[in-house]
Amino acid sequence: MENSIVIYNTLTRKKEVFKPLVEGKVGLYVCGPTVYSNSHLGHARPNITFDLLFRYLTFLGNKVRYVRNITDVGHLENEAEETGEDKIAKKARLEQIEPMEVVQKYMNTFHKNMEMLNVLPPSIEPRASGHIIEQQQMIEAILKNGFGYEVNGSVYFDVEKYNQKYNYGKLSGRNLDDIRTNTRELEGQSEKKNSFDFALWKKATPEHIMRWPSKWSDGFPGWHLECSVMSTKYLGEKFDIHGGGMDLTFPHHECEIAQSTASQGEEAVRYWMHNNMITINGQKMARSLGNFITLDELFTGSHKILTQAYSPMTIRFFILQAHYRSTIDFSNEALQASEKGLERLMTAVKTLSNLTASEKSTVDISSLKEKCFSALNDDINSPIAIAHLFDGVKTINSIKAGNEKISAEDLAELKSFYNSMVFDVLGFKEEQTSGSGDNAVLGKSIELLLTLRNEAKANKDWGTADKIRDELNEIGIEIKDTKDGADWAIK
RNA sequence: GGUCUCUUGGCCGAGUGGCUAGGCAGCGGUCUGCAAAACCGCGUACGGCGGUUCGAAUCCGCCAGAGACCUCCA
C-alpha cells in the first residue's frame, strides 16, 4: 500500500502531496493554549485534530517530533491596551496570586483534560517564558536585517519595509493596501510607524508584573514571537507542518511568517494546516464571546445548557466525525448521537474479539482497509474513515449472526486492523463503567442482585425480577439481558 | 465596509459532474416472560432562480440567508 498522504495547505489553498523534508521524519508544530482560564470545547478541536495527524503519521512509520507550545507570557488584551497589562497579569491581580501560579493551575487543568481526551502529549511542550533569550535573539536578527525599529524601549516589526521585499499577507490572502484601509486605529499605538506594525518587544509599564530585562527595556516579548522562535529552535529553520486554529491565520501566523522570513531570509514552514471552529447556535465558541462550555463542564454535565454529561470519548468522537476544516455545531442532540454511535462502534470491537473463524471468508477485508486508509490519506478525512468502520461494524455483526463467514487469516487481519484504527490511530479508548475494574465492591453487590434476579426468573417470580431491574434502574444502573446472561452498566 | 467561506433528508455530517457516505432519531422485524439492550431491514436530501452539459447537489452567474477574519482568540 502506498502511503502518499495529501494535505490541504493554507499557503497554496490546495491539497498537496505531503513529502517530509527528510524521508521518514516529520516536524510538526501546533499553537497551544494561552493558560489563563479553563480549557473549553473549542480547545479540544485543534488538539484532537493534530493528535490524529500525529498518531497517523507515526502509524505510517514516520518518526514525528511534535512540538506544541504553552503560552504563559500573555498577549495584550484589548481593554488592557492602555495599561500594557497582559491577560495573565490581569487575571493574577483578580485572583490575588502570582502570574506563574495562574499559569501552573490552568496548565495542569489543560493537561488533565487532554489526557482524558486521550490526546497524546507532544514530544516537546515549550513555554514562552522559558525562551525569552531566544526571542530576544530573534528580535536582534530582525533588527539587524532592517525589518524592525525601536521606539522608547519597545521594538516593532516594520511591515511596510518587509512587504517591499517579501509578501506580507500571503497566508491569509490579503495585501497591504487592504490592510491599510481596513485596520482600525487603536489607542496607544502612536509609537508605531503604521497601525499594522506589530510588537516584537514591549516595554513594561510599572504595574506590569511579568517582565524580563533586555537591552531595550524591562519588558516582555511581542505577541507572535514565541511560535516563530520555539518552532525553529526545536524543528529547524525549515520544517514540515505548522498547525493551529483558523482564527490564528491572521494576524498570528501571518506575523510568524514575516518574523521567520525577516530573521533568517526564508520561510520556515512548508505546510500550514488550520482547523475550523466549533460553533454554538451557529456562532463561534470563544472565550472572548463568553459562549463557551469548559471541558470539565462537559464531562460532568454541569453547564446549564447541557442536558447530560458527555464523556471525553464522546467529545473525541463528535469532533472526529466532522472533517477538521468544517465547522461543527454544538448541540445536545449531536453529542447524544455521537455517544450512541461510539457505543455501537466499541461494542462491535468487543464482538470482533469473540468471533469464531470459518473455513473461508465471504467478506472482503482488504477493500475495507484500503478505503479507510485512503480516507485518512486524503487530508485526514476522519469522518469518511469512520463511515467505513461502520460498514465494517455491519460486517462484524453479520458474521456474529452467522450471515457471513470469515477465515482465520481474515479474522486476524480484521482484529489487528480495528485495533490499530480505533485505538492507535483514531485514539479511542474503553470507558468502562460496568462490572470489571475499579469498584469491586459495587460490582460484586450488583452481581449478587443479578443472581437473585436470575433465581426469581427461574421461579417465574416476575414481580421480584422486575423489581430488582426497575429499582436498580432508578438508582442509575441499567440491566441489559443478553443471550449469555445479564449485563449491567452505570447510566 | 474589505477579504474569504458556507447553505445537503427530522437532527448531525461526508461527498463534489453520472456509480445516489455514515451516525442519531423514526418506522418495520428478530430475540425476550414483559420491557430495555442488542441485531437485521427501510428513507433518493442537496437554499432560490437562470445558464453550461447527453447528464449538476457537484461547474458558471444572479438573488436570499448564515458565518469567519480584519482586535485577544483554538
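Reminder, nothing fancy here: chain letters follow the sequence lines and each chain counts from 1. Only heavy atoms go into these numbers, but all of them, side chains included; no hydrogens, no water, no symmetry mates.
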Counting only side-chain heavy atoms from C-beta out, which of [options] sits nearest to [X]?
X	options	result
A/E333	B/C34, B/C72, B/C11	B/C11
A/S288	B/C73, B/C70, B/A35	B/C73
A/A337	B/C24, B/G33, B/A74	B/C24

*Could you check if a side-chain atom of A/S231 sits within less than 4.5 angstrom of a side-chain atom of A/F239, using non-hydrogen atoms only?*
yes

*Quick one: are A/Y271 and A/E16 in side-chain contact, heavy atoms under 4.5 Å?*
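Contact flag for A/Y271/A/E16 side chains = yes.
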
*Taking 4.0 angstrom as the limit, do A/K394 and A/D391 come out as a salt bridge?*
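Salt bridge flag = no for A/D391 with A/K394.
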
*Output yes when A/D51 and A/R316 qualify as a salt bridge under the 4.0 Å nitrogen-oxygen rule, no when they do not.*
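Here A/D51 pairs with A/R316 in a salt bridge, since their nearest N and O are under 4.0 Å apart.
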
Answer with base, sugar-phosphate or nothing: what part of the nucleic acid does [X] contact at a heavy-atom distance below 4.0 Å?
X	result
A/E339	nothing
A/I386	nothing
A/N276	base
A/G282	sugar-phosphate

*Check A/I396 against A/A348 and note the closest heavy-atom contact, atom names and distance.*
CG2-O, 3.7 Å

*Shortest non-hydrogen separation from A/I132 to A/S129 and the atoms involved*: CG1-O, 3.4 Å

_Between the base of B/G33 and the side chain of A/D466, is there a donor and acceptor pair under 3.5 angstrom?_
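A donor-acceptor contact between them is present.
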
*Enter the distance from A/M246:CE to A/L248:CG here, rounded to the nearest 0.5 Å.*
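Reported to 0.5 Å precision, the distance equals 11.5 Å.
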
Is there any protein nitrogen or oxygen under 3.5 Å from a nitrogen or oxygen in nucleotides 12-16 of chain B, and what are the pairs?
{"residue": "B/G13", "atom": "OP1", "partner": "A/D329", "partner atom": "N", "Å": "2.9"}
{"residue": "B/A14", "atom": "OP1", "partner": "A/H323", "partner atom": "N", "Å": "2.7"}
{"residue": "B/A14", "atom": "OP1", "partner": "A/S326", "partner atom": "OG", "Å": "3.0"}
{"residue": "B/G15", "atom": "OP1", "partner": "A/N381", "partner atom": "ND2", "Å": "3.0"}

Quantified in whole Å, what is the [atom1] atom distance between nucleotide [N] and nucleotide [M]?
N	M	atom1	result
B/U16	B/C60	C1'	15 Å
B/A45	B/A56	P	14 Å
B/C19	B/U30	C1'	32 Å
B/C49	B/G65	C1'	15 Å

*Verify the contact: side-chain N or O of A/R174 to OP1 or OP2 of B/C70, cut-off strictly under 4.0 Å; return yes or no.*
no

*asked:* With a cut-off of less than 4.0 Å, is there a side-chain N or O of A/K284 near OP1 or OP2 of B/C69?
replied: yes

*asked:* Quick check on RNA chain B: between A/R453 and A/L342, whose nearest nucleotide comes earlier from the 5' end?
replied: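 Nearest nucleotide further toward 5': that of A/L342.
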
*For A/K467, does the NZ atom have more than 12 heavy-atom neighbours from other residues, nucleotides or ligands under 6.0 Å away?*
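It does not: A/K467 NZ has 12 such atoms or fewer within range.
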
*Would you check if the side chain of A/D378 reaches a backbone N or O of A/N381 as a donor-acceptor pair within less than 3.5 Å?*
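Between the backbone of A/N381 and the side chain of A/D378 there is no qualifying donor-acceptor contact (under 3.5 Å).
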
*Just by protein heavy atoms under 4.0 Å, how would nucleotides 37-42 of chain B read 5' to 3' in B, S and -?*
BSSSS-

*Where do A/E256 and A/H252 land on the side-chain hydrogen bond (donor to acceptor under 3.5 Å, both in side chains) test, with the steps shown first?*
CA-CA 6 Å; A/E256 274 188 52; A/H252 185 58; 3.1 Å; yes

*Is the ring centre of A/F390 under 5.5 Å from the base ring centre of B/G23, and are the two planes under 30° apart, so that they stack?*
no

